[in-house]
A.B. asks: 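Before I ask anything, let me first share the structure, which is written out below as C-alpha cells.
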2 protein chains.
Amino acid sequence: MGTSLPRRSAGDGRPMSMEAQLPTRERLLSVAMRLFWEKGYNSTSVADILRESDTNSGSLYHYFPTKKDLLVGVLERYRDGIEPMLLLPVWEGIEDPLERVFALLAGYRRLLLDSDFRLGCPIGNVALEIAKPEPEVRERLVQNFEAWTGAVERCMVEAGDRIPGDVDRRALAAFALTAMEGGVMLARAYQDIGPFDAAVDRFRDYMARLGLQG
Amino acid sequence: MGTSLPRRSAGDGRPMSMEAQLPTRERLLSVAMRLFWEKGYNSTSVADILRESDTNSGSLYHYFPTKKDLLVGVLERYRDGIEPMLLLPVWEGIEDPLERVFALLAGYRRLLLDSDFRLGCPIGNVALEIAKPEPEVRERLVQNFEAWTGAVERCMVEAGDRIPGDVDRRALAAFALTAMEGGVMLARAYQDIGPFDAAVDRFRDYMARLGLQG
DNA sequence: GTCTATAAAAGGATAGAC
DNA sequence: GTCTATCCTTTTATAGAC
C-alpha cells in the first residue's frame with residue numbers, strides 16, 4: 001500500500017499543493033518558475049526555493065549544481081511551455097489569426113490585472129534584471145523571444161492578404177512583442193492598466209492603418 | 001595651502017576620477033547612478049558603492065539611512081537630469097520637433113552600441129528589477145516616465161498640423177516610450193541592435209502613416 | 001537521491017571615537 | 001561629517017552519513 005504515493009507528508013500543517021506531488025526535479029523547477037516570476041531571479045534565494053518546495057539543499061544541488069543552472073532549466077521550461085501553457089489557453093475557440101494576436105495580448109492584460117500588477121512577462125523581467133547574462137542564460141532568453149515571435153509571425157502569415165503583401169510579417173510580430181514588453185513595464189510601474197492598453201491600442205491602430213493601405 | 005582642495009588623495013595609486021572631486025553626498029549619488037545603471041540595483045552592493053566612491057560606510061549611512069533611500073536619491077537625479085543631461089545633448093542643433101523625437105531614440109541606440117549592450121534605460125531596468133517597489137520608489141519611477149513622455153509630447157504638439165488634429169499627442173509620446181523600452185530590452189537580450197532598429201522603424205512607419213492620412 | 005549540519009563569503013547596517 | 005571596526009543576517013554552496 002502507498003508504494004508510489006508522494007513520500008513527503010503534509011504533517012507540518014502546511015497546505016499540500018499540487019507542486020508537492022511532483023518528483024523532486026520537477027518540483028524544484030515548478031517552484032523556481034513561480035518564484036522567479038513573482039519576485040525576480042536575484043530576489044529569490046535558494047533557501048526560498050527549498051522552503052516552498054519542501055526540499056533539502058542536497059537534493060537541489062544534486063540536480064542543479066548552481067543557482068544559474070536552475071535558471072537555465074526554468075528558462076527552458078518557459079520556452080517549452082509557450083505553446084501548451086500560454087498560446088493554447090488564450091487561443092481556445094479563436095480561429096481568426098489576427099484575433100489570436102490580440103487574444104495573446106489580452107492574456108497579458110488579464111495577468112497584470114489578476115496579479116494586481118505583480119506578474120508580467122517572466123522573460124522580460126530576467127532580461128533586464130541580469131545585466132550581463134552568461135551565454136547559457138542569454139541564449140535561452142533569445143529562444144523564448146524567438147518562440148513567441150515565431151508563433152505570432154505565423155498568425156500574421158495566416159492572415160494572408162488581409163495584410164498587404166509588402167509588409168514584413170516577422171517585423172510585425174516583433175513589434176507586437178516590443179509593444180507588449182513596453183506596455184507591461186509601464187503598467188507595472190504605474191500600477192495602472194492604462195499604459196498597457198494604450199500600447200495595444202496604438203499597435204491595433206497601426207495594424208488597421210496597414211490594412212487600409214493595402 | 002590646499003584648504004579647499006579635495007581632501008582625499010590619489011595616493012593609493014588608483015586613477016583620480018572627476019567623481020572623486022565632488023562633495024561626499026554628490027559623489028555617492030554619482031557613483032550609485034553609474035553602478036545601478038551598469039549592474040542593476042540588486043546586483044550593486046553598498047560595498048561596491050563605498051569602494052568606487054572611496055567613501056566610508058559611516059558617511060554613506062549619514063546621508064542615506066538605507067540603500068533604498070540612496071535609490072530614491074538616484075531616481076530623483078535621473079528625473080532632474082532628463083532635460084539637461086539627456087534631451088539637451090541629443091537635441092543640440094536640431095530644431096524640428098519630429099526630428100527631435102527620433103534623435104532621442106537615436107541617443108539610446110548610440111548608448112546601446114557604445115556600451116556593447118550593457119547600458120539601456122536605467123529607469124526601465126529598475127522598474128522590472130524590483131518586483132514590489134515601495135511607494136517612494138514607484139513614485140519616482142513614474143515621475144521619470146512622466147518627464148520623458150511629457151517632453152516628447154511637447155514635440156508632438158509643436159509639430160502642429162503635421163500630425164492630424166484628431167491624433168492624441170500624449171498617446172503618441174507614450175507609444176514612443178513603449179517602443180523604446182521594448183526595443184532596448186530585446187536588443188540587450190539579442191546583443192544585436194536589430195530589434196531596437198526594428199522597433200524604431202515600425203514607430204517611424206506608424207508616424208508616417210498617421211501623417212499621410214491626415 | 002536524500003538527509004542534517006555547516007562552511008565561507010557577502011549582504012545591509014550600526015557603534016562610538018574623533 | 002568622517003573614521004575604523006564589527007555586528008548580525010542572509011547567501012550560495014559543500015561535506016559526508018544514510
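Throughout, protein chains are lettered first and strands after them, A, B, ... in sequence-line order, and every chain is numbered starting at 1.
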A.B. asks: How many whole angstroms separate atom CG of B:L28 from atom P of D:dT2?
C.D. replies: 9 Å
A.B. asks: Between atom CG in A:L50 and atom P in D:dT10, what is the gap in whole Å?
C.D. replies: 15 Å
A.B. asks: Does A:R154 form a salt bridge (Lys or Arg N to Asp or Glu O under 4.0 Å) with A:E83? I'd like the steps, not just the answer.
C.D. replies: CA-CA 13 Å; A:R154 285 191 289 281; A:E83 291 275 346; 3.2 Å; yes
A.B. asks: Take atom CZ of A:F64 and atom P of D:dT11, then tell me their distance rounded to the nearest Å.
C.D. replies: 20 Å
A.B. asks: Once you round it to whole Å, what is the distance between P of C:dA13 and CG of B:L70?
C.D. replies: 10 Å
A.B. asks: Taking ring pair (Phe, Tyr, Trp, His ring centres under 6.0 Å) as the test, write out the residues that go with B:F196, two or more places apart.
C.D. replies: none
A.B. asks: Taking Watson-Crick and G-U wobble pairs with both distances under 3.5 Å, convert DNA chain C into its dot-bracket string, 5' to 3', dots for unpaired and | for cross-strand pairs.
C.D. replies: ||||||||||.|||||||
A.B. asks: I need a per-nucleotide contact map over nucleotides 12-18 of chain D, read 5' to 3'. Cutoff is protein heavy atoms under 4.0 Å; write B for the base, S for backbone only, - otherwise.
C.D. replies: SBB----
A.B. asks: Less than 4.0 angstrom from a charged side-chain N to a carboxylate O is my criterion; do A:R118 and A:E38 meet it?
C.D. replies: no
A.B. asks: Aromatic ring centroids of B:Y206 and B:F175 under 6.0 Å?
C.D. replies: yes
A.B. asks: What is the separation between atom CG on B:N56 and atom C1' on D:dT2, rounded to the nearest whole Å?
C.D. replies: 6 Å
A.B. asks: Atom CG of A:L60 to atom C1' of D:dT11: distance rounded to whole Å?
C.D. replies: 13 Å
A.B. asks: Would A:E146 and A:R170 count as a salt bridge (Lys or Arg N to Asp or Glu O under 4.0 Å) here? Give the steps.
C.D. replies: CA-CA 10 Å; A:E146 284 294 304; A:R170 156 88 194 176; 3.1 Å; yes
A.B. asks: Can you find a heavy atom in the side chain of A:F36 that is under 4.5 Å from one in the side chain of A:V126?
C.D. replies: no
A.B. asks: Any side-chain heavy atom of B:K67 within less than 4.5 Å of one from B:Y41?
C.D. replies: yes
A.B. asks: Would you mind reading off the distance between B:H62 atom NE2 and C:dA13 atom P, rounded to a whole angstrom?
C.D. replies: 17 Å
A.B. asks: Is any side-chain heavy atom of A:Y108 closer than 4.5 Å to a side-chain heavy atom of A:L86?
C.D. replies: yes
A.B. asks: Please state how far atom NZ in A:K39 lies from atom P in D:dT10, giving the value in whole angstrom units.
C.D. replies: 12 Å
A.B. asks: Could you state the interatomic distance from CG (B:L75) to CG (B:L71), rounded to the nearest 0.5 Å?
C.D. replies: 4.5 Å
